[in-house]
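To find a chain, count down the sequence lines: A is the first, B the second, and so on, and within it residues start at 1.
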Amino acid sequence: MALKLVFLGRLADAAGGEEREVAAVPSIAALIAGLEPDLSAALGGPRVKIAVNGNIVADRAMFTLRDGDEVAFLPPVSGG
Amino acid sequence: MALKLVFLGRLADAAGGEEREVAAVPSIAALIAGLEPDLSAALGGPRVKIAVNGNIVADRAMFTLRDGDEVAFLPPVSGG
Amino acid sequence: MKDVRLLTEPFNPGAFVGPFSNAHPGLGGICSFVGEVRPGDGVEALELRHYEPLTLPGMDALADAALDRFDLMGLLIVHRTGVLLPREPIVLVSAAARHRRDAIQAVDFAMDHLKSDSWFWKREKRADGWHWIEPREQDHADLARWQEKITQV
Amino acid sequence: MKDVRLLTEPFNPGAFVGPFSNAHPGLGGICSFVGEVRPGDGVEALELRHYEPLTLPGMDALADAALDRFDLMGLLIVHRTGVLLPREPIVLVSAAARHRRDAIQAVDFAMDHLKSDSWFWKREKRADGWHWIEPREQDHADLARWQEKITQV
């Protein structure tokens with residue numbers, strides 16, 4: 001009963017690591033709210049995209065997570 | 001007392017060779033007029049540029065040739 | 001022929017361009033771009049991180065878009081990940097086409113999209129440690145060039 | 001670094017691009033275009049004639065124009081003359097720059113001018129003999145792109 005979280009770019013610094021496991025929760029909002037306040041704030045911004053199992057989530061408010069999902073947090077990509 | 005003529009591209013076919021020597025004449029008009037009629041017609045067209053000693057002639061009517069000059073006849077260059 | 005690769009080790013662009021060129025015997029022209037880690041500005045190393053489930057499919061979709069948009073015989077995209085030192089190649093794009101404009105434009109198109117629209121996060125190592133690289137406005141302007149063209153057509 | 005050459009024998013583009021790249025240790029990107037004699041259409045050979053007193057100075061002036069117009073570290077132009085067989089390289093242009101747009105645009109600029117504005121006369125050998133190649137309208141349109149840009153700036 002777990003979710004795998006992946007933090008890309010500078011979000012890995014905010015999370016203290018590139019990956020972590022957390023107990024499964026049904027919504028992305030609940031997932032983010034359950035993390036440390038600083039990390040929660042960093043992940044919740046509008047510029048952070050979220051991918052679940054390799055697919056970008058279009059509407060995170062409506063998305064239902066399932067046990068075993070891999071949730072990746074993607075900050076804006078770096079410039080050239 | 002001669003001029004060296006150089007024929008580029010298809011003008012070499014019209015002249016029957018890439019180079020030839022002719023007796024020196026003072027003007028480009030006289031030079032062209034002294035050649036075979038078919039070649040004369042091919043060289044006189046507005047799309048044929050003329051270089052004397054490696055420099056393109058801007059106003060061929062006003063240009064004075066000198067003994068030993070190399071006169072090159074340059075048709076439009078080929079496309080890519 | 002479409003050839004898209006992510007590499008974790010240093011590579012020699014010529015070792016890819018030669019076979020790519022030979023694989024398209026009917027080509028009229030081949031355009032290649034190689035981007036390297038620019039030395040100077042106190043940068044000691046560059047790290048490129050990516051997210052496997054998005055990065056390679058994204059590069060593959062970009063190659064398809066270029067093949068669809070330009071009249072190409074083949075497209076090669078090679079991109080490094082991991083830690084790179086100054087002067088190491090980061091990216092190679094090579095396009096083979098019957099006519100030069102398609103080859104040159106496809107490379108321009110692919111590089112603009114790779115630079116601003118692909119899933120790479122970069123950080124630089126300087127004397128005082130690692131620093132993440134932010135998005136650049138110029139990259140978005142470069143990308144907008146291709147969107148305008150779509151609207152104009 | 002400016003390097004402009006007319007060659008009468010077949011050449012390997014990689015043998016020029018490698019040393020050219022190494023000669024610019026501070027570069028960010030290098031763009032290269034190689035044009036080859038396109039096989040097919042019944043063409044058995046291509047002959048390029050030139051006029052020495054104009055052709056090489058013209059290529060040199062073109063290189064100066066590109067170096068003046070774009071922010072380049074170096075520009076390499078290699079062009080064949082004489083009789084070429086299908087698949088042999090005719091032309092190589094390579095531009096080294098700090099930033100990719102300058103490198104790519106310089107190659108585009110140099111190729112457009114080499115194709116339509118340089119002193120080469122070409123003829124093709126087919127089963128029924130040699131045929132001179134005429135100017136192409138597309139080449140003039142390609143060249144006009146750069147003149148419009150001057151007016152717009």
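- Heavy-atom proximity under 4.5 angstrom to chain D picks out B:E18, B:R47, B:K49 from residues 14-49 of chain B.
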* To do: Any chance you could lay out the side-chain hydrogen bond (donor to acceptor under 3.5 Å, both in side chains) test for D:W132 and B:D13, step after step, and finish with the verdict?
  => CA-CA 10 Å; D:W132 289 102; B:D13 295 348; 2.7 Å; yes
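- Contact check for D:I104 versus D:F109: no side-chain heavy atoms found under the 4.5 Å cut-off.
- A tilted orientation is assigned to the rings of D:H113 and D:W146, their planes being inclined by 30° to 60°.
- Residues B:D69 and B:K4 are not in side-chain contact: their nearest non-hydrogen atoms beyond the backbone lie 4.5 Å or more apart.
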Table please: side-chain donor-acceptor pairs of residues 50-63 of chain D below 3.5 Å, with sequence neighbours left out.
{"unit_1": "D:H50", "atom_1": "NE2", "unit_2": "D:E52", "atom_2": "OE1", "d": "3.2"}
{"unit_1": "D:Y51", "atom_1": "OH", "unit_2": "B:E70", "atom_2": "OE2", "d": "2.5"}
{"unit_1": "D:T55", "atom_1": "OG1", "unit_2": "D:Y51", "atom_2": "N", "d": "3.0"}
{"unit_1": "D:T55", "atom_1": "OG1", "unit_2": "D:Y51", "atom_2": "O", "d": "3.0"}
{"unit_1": "D:T55", "atom_1": "OG1", "unit_2": "D:W119", "atom_2": "O", "d": "3.1"}
{"unit_1": "D:D60", "atom_1": "OD1", "unit_2": "D:K2", "atom_2": "NZ", "d": "3.3"}
{"unit_1": "D:D60", "atom_1": "OD2", "unit_2": "D:K2", "atom_2": "NZ", "d": "3.2"}

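- The stretch residues 82-89 of chain D places none of its residues near chain B, where near means some heavy atom under 4.5 Å from a heavy atom of that chain.
- A salt bridge between D:E47 and D:R49 is present, with a side-chain N of the basic residue lying under 4.0 Å from a carboxylate O of the acidic one.
- Closest approach of D:F11 to D:P13, counting heavy atoms only: O-CD, 3.5 Å.
- A side chain to side chain contact (heavy atoms under 4.5 Å, CB included) with D:I90 is found for one member of D:L48, D:V34, D:L114 and no other, namely D:L48.
- Taking CZ of D:R98 as the reference point, atom CG of D:D71 lies at 5.0 Å (rounded to 0.5 Å).
- No option in D:V17, D:V93, D:V107 other than D:V17 meets the side chain to side chain contact (heavy atoms under 4.5 Å, CB included) test with D:S32.
- Of the inter-residue distances, the one linking D:K122 atom NZ with D:E134 atom CD reads 12.5 Å to the nearest 0.5 angstrom.
- Rounding to the nearest 0.5 Å places CG of D:D102 at 11.5 Å from CZ of D:R69.
- Residues of residues 53-65 of chain B that come closer than 4.5 Å to chain D, counting heavy atoms only, are B:G54, B:I56, ordered by residue number.
- A salt bridge links D:R145 with D:D108: the closest approach of a Lys/Arg side-chain nitrogen to an acidic carboxylate oxygen falls below 4.0 angstrom.
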